Protein chains: 2
Amino acid sequence: MSAPTVYDVAEQAGVSIATVSRVYRNPESVRAGTRAKVMAAARTLGYVPSGSARGLASRTTRVLGLCFPDYADPDAEDPDGESDGAPDGSELMLYSDEIIRGMERAARRRGYALLIAASLAEGPENLVAEVAGRVDGFAVLSQTVPVEELEVIARRLPVVMLAGPREDASLDHLDHIEVANRDGELALTRHLIADHGLRRLAFVGSTPDSPDGEARFRGFQAAHREAGLPVPERPNVRAELTQAEGHRAVGELLAVGSAGERPEGIVFANDQMAVGALTALRRRGVRVPEDLAVVGFDGIPLGRLVTPALTTVRQPMRRLGEKAVELLVARLEDRKAEPVSVVLPVSVIRRRSCGCDDGSSDSVTYS
Amino acid sequence: MSAPTVYDVAEQAGVSIATVSRVYRNPESVRAGTRAKVMAAARTLGYVPSGSARGLASRTTRVLGLCFPDYADPDAEDPDGESDGAPDGSELMLYSDEIIRGMERAARRRGYALLIAASLAEGPENLVAEVAGRVDGFAVLSQTVPVEELEVIARRLPVVMLAGPREDASLDHLDHIEVANRDGELALTRHLIADHGLRRLAFVGSTPDSPDGEARFRGFQAAHREAGLPVPERPNVRAELTQAEGHRAVGELLAVGSAGERPEGIVFANDQMAVGALTALRRRGVRVPEDLAVVGFDGIPLGRLVTPALTTVRQPMRRLGEKAVELLVARLEDRKAEPVSVVLPVSVIRRRSCGCDDGSSDSVTYS
DNA sequence: ATGAAAGCGCTAACAA
DNA sequence: TTGTTAGCGCTTTCAT
């Protein structure tokens with residue numbers, strides 16, 4: 001005795017399978033009495049419509065997807081607070097969590113469910129295809145899957161790139177959302193220069209292949225240009241985007257120069273590194289922000305918990321997710337509209353680590 | 001020109017559709033040369049296997065589901081930090097987020113994707129069925145969907161109840177996971193009594209229909225019994241599980257009695273209320289923990305941010321999600337094993353609000 | 001190792 | 001309003 005189908009329900013209710021289908025898809029189109037019979041039959045049989053069959057027949061799933069990289073960062077391996085010690089971010093949200101939340105809500109409002117899948121180290125090839133096959137459209141966090149793969153898939157269904165490259169020409173026809181990396185870093189650096197009077201600033205960047213990191217550095221440069229200061233040609237240090245690397249970067253930065261050359265402030269390409277730097281600086285006896293200002297980028301919750309609280313630029317991850325759904329749905333309605341490229345505004349969060357007062361509430365500026 | 005199918009690929013590659021199918025399902029079973037031809041054809045055509053068709057033909061989706069209530073709690077309406085002011089929990093994780101994370105990881109490890117859907121206020125009926133139709137099995141946060149609905153669906157595919165009732169007899173045949181509500185509250189209350197020497201404790205419970213709340217109250221009672229103190233018969237106050245209600249509960253508690261009867265500590269059925277209470281007490285000039293101890297239950301991240309930091313019992317939400325996947329997969333392999341009921345252990349987090357020292361790291365006890 | 005053919009459970013014209 | 005009838009794109013015996 002396998003799962004009941006429309007046929008079973010139809011027979012039990014004494015109607016045709018079409019009527020059963022109608023009852024589920026468009027109840028109004030069936031007379032109330034008939035409908036009741038069908039529902040009764042379905043109930044007693046324990047009938048549940050097969051999503052697969054529906055999807056196959058209607059070529060639409062009412063499901064949106066999200067693919068993201070496997071963020072199993074070593075920094076966050078505290079499954080459930082066995083050690084509730086120093087804040088390590090383990091119980092805080094990851095980007096993916098916020099995006100998921102944003103997408104889920106937006107999708108739900110429009111009658112879609114959300115299918116999520118992180119790419120495992122092995123078999124990433126499968127991942128996207130797997131997801132792609134079960135949804136009407138999906139969002140991908142950049143760098144999650146090989147470009148060629150995406151390209152093939154994007155020919156068949158709407159894909160929106162999140163925080164990804166507009167650079168990769170081959171993906172130019174995809175809708176795409178990013179945050180104002182350059183402008184955000186510009187605003188933040190400007191704050192350091194103009195409001196705190198800092199002059200010697202160092203930038204700790206990511207690897208050159210990170211579009212986000214590079215864009216942020218351009219903002220950093222722009223602020224210098226704007227202020228009539230010498231414009232740095234490249235990041236003082238490049239590192240991976242982890243706390244450990246932030247720690248390391250500090251070592252590199254403070255070892256190299258004589259005391260006179262020590263920077264007055266360090267601008268990190270992301271919060272994780274900045275947090276790692278905070279630790280490193282404390283160990284060295286360098287006071288933040290008195291001796292040295294430190295700022296990050298991203299706005300991770302952990303940034304508010306560390307001491308001093310981290311000044312940063314917040315990315316609207318939730319909105320990213322919502323926007324992704326918007327674009328997806330729009331594209332579903334008009335497959336051949338021009339590719340859209342959205343830049344989401346960010347906001348500067350002034351906390352203690354840049355030298356600002358750390359009131360009960362953070363100061364915010366938009367950019 | 002619609003999306004290419006196995007037929008298109010087969011034709012292009014000069015093989016049969018069966019071979020194309022094999023290449024995707026079991027590459028080893030096809031000669032390397034043939035395989036290459038097929039993959040090439042697929043690539044040039046932009047072929048992506050249809051999940052729906054696969055699901056229909058194979059009666060299995062490799063997707064697990066999660067249904068949860070629409071936690072659009074008014075307490076957390078700060079879409080993206082327009083106000084980064086007082087911590088309001090908006091950027092912190094919700095239960096659902098942690099469970100999602102736990103399930104996603106566990107599922108992925110086993111080769112499943114995760115379909116998530118919150119129940120909208122309207123049409124909840126659809127929600128579960130919708131999900132049920134597209135997955136091999138799913139988890140439901142209790143109180144998300146009507147019991148009868150679940151019952152029908154559970155006849156057809158594995159369902160695991162999360163944090164739900166073992167009480168509802170009609171759902172007794174479902175697998176089910178809960179946390180040690182009673183034992184956790186017992187341990188916490190014991191701490192208040194034995195370690196802090198408190199005698200007059202008040203309990204602020206939830207509505208009587210909340211199994212969790214009731215179980216926690218039983219733990220509260222048990223601690224009294226254990227200590228030889230008079231055992232309270234019912235919660236001193238009952239309230240909804242929100243900050244606002246916690247605030248209100250304080251008013252009620254402190255208004256009723258004369259000064260002599262004022263409790264030495266208040267045990268709240270959840271953290272949200274406790275946090276609300278903290279605010280209310282500060283306004284009244286009651287010092288926590290000097291004048292009055294306050295403890296919660298749940299272990300929400302916000303609890304660490306408030307002043308004083310909240311002593312509480314932490315629920316292992318992430319583990320809940322992982323365990324759910326475990327049970328689901330096990331049930332998928334043996335549909336007729338005995339229903340399983342798992343109780344996850346919780347841990348007491350001692351922070352400042354109960355009178356404990358607030359070191360750099362929290363103290364933890366297990367129960 | 002590969003092919004032929006029969007469904008899988010539903011939707012969507014089209015009839016009635 | 002309801003029924004008939006083709007598929008939807010794939011997996012899966014069973015042959016070859």
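Computed from a predicted model, the values in this text were never measured in an experiment. Reminder, nothing fancy here: chain letters follow the sequence lines and each chain counts from 1.
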Can you figure out which of D:dG3, D:dC14, C:dT11 approaches the side chain of A:Arg22 most closely?
D:dG3
CZ (B:Arg62) and CG (B:Leu332) are apart, to the nearest 0.5 Å, by 8.0 Å
Option among A:Ile153, A:Leu64, A:Leu115 that satisfies the side chain to side chain contact (heavy atoms under 4.5 Å, CB included) test with A:Phe138
A:Ile153
With heavy atoms under 4.0 Å as the rule, sort A:Val30 into base, sugar-phosphate or nothing.
sugar-phosphate
Nearest to side-chain heavy atoms of A:Ser50, which nucleotide of C:dG9, C:dT2, D:dT11
C:dG9
Residue met sooner reading DNA chain C from 5', once B:Ala53 and B:Ala18 are mapped to nucleotides:
B:Ala18
Identify which nucleotide among D:dT2, D:dG3, D:dC10 has an atom closest to any side-chain atom of A:Val15, counting heavy atoms from C-beta outward.
D:dG3
No-H, no-angle donor-acceptor pair, A:Tyr7 side chain to C:dC8 base, under 3.5 Å:
no
State the CG-NZ distance between A:Leu162 and A:Lys323, to the nearest 0.5 angstrom.
12.5 Å
Taking atom P of C:dG7 as reference, at what distance in whole Å does atom CG of B:Leu56 sit?
14 Å
Can you tell me if B:Ser16 touches the phosphate of C:dA4, counting only side-chain N or O atoms and a distance under 4.0 Å to OP1 or OP2?
no
Consider the side chain of A:Thr5, meaning its heavy atoms from C-beta on, and name the nucleotide among C:dG9, D:dC10, C:dA1 that approaches it most closely.
C:dG9
Separation between CZ (B:Arg54) and CD (A:Glu130), nearest 0.5 Å, reads 6.0 Å
Rounded to the nearest Å, what distance is computed from the CG atom of residue A:Asn26 to the C1' atom of nucleotide C:dT11?
12 Å
From CG (A:Leu320) to CD (A:Gln315), nearest 0.5 Å:
7.5 Å
Can you tell me if B:Arg25 touches the phosphate of D:dT12, counting only side-chain N or O atoms and a distance under 4.0 Å to OP1 or OP2?
yes
Starting from P on D:dT5, measure out to CD1 on A:Ile17 and report it in whole angstrom.
10 Å
Considering just the side-chain nitrogens and oxygens of A:Thr34, establish if one lies under 4.0 Å of OP1 or OP2 belonging to D:dT2.
yes
Specify the separation, in whole Å, of atom CZ of A:Arg54 and atom P of C:dT11.
5 Å
Looking at the side chain of A:Ser21, which of C:dC10, D:dT11, C:dT11 is the nearest nucleotide?
C:dT11
Atom-pair distance (CG on A:Asp8; C1' on C:dG9), nearest Å
10 Å
Measure from CG on B:Leu157 to P on C:dG9 and round the result to the nearest Å.
14 Å
Counting distance alone, no hydrogens or angles: does the base of D:dG7 have a donor or acceptor under 3.5 Å from a partner atom on the side chain of A:Arg59?
no
With the side chain defined as heavy atoms from C-beta on, A:Val6 is closest, among C:dG9, C:dT2, D:dC10, to C:dG9
With a 4.0 Å limit, can you tell me whether B:Arg31 has a side-chain N or O closer than that to the phosphate oxygens OP1/OP2 of C:dT2?
yes
Tell me whether the OP1 or OP2 atom of C:dG9 has a side-chain N or O from A:Ser52 closer than 4.0 Å.
no
Quiz question: going by heavy-atom distance under 3.5 Å, is there a donor-acceptor pair between the base of C:dC10 and the side chain of A:Tyr24?
no
Working for salt bridge (Lys or Arg N to Asp or Glu O under 4.0 Å), residues A:Glu322 and A:Arg318:
CA-CA 6 Å; A:Glu322 294 169 353; A:Arg318 194 104 121 255; 5.3 Å; no
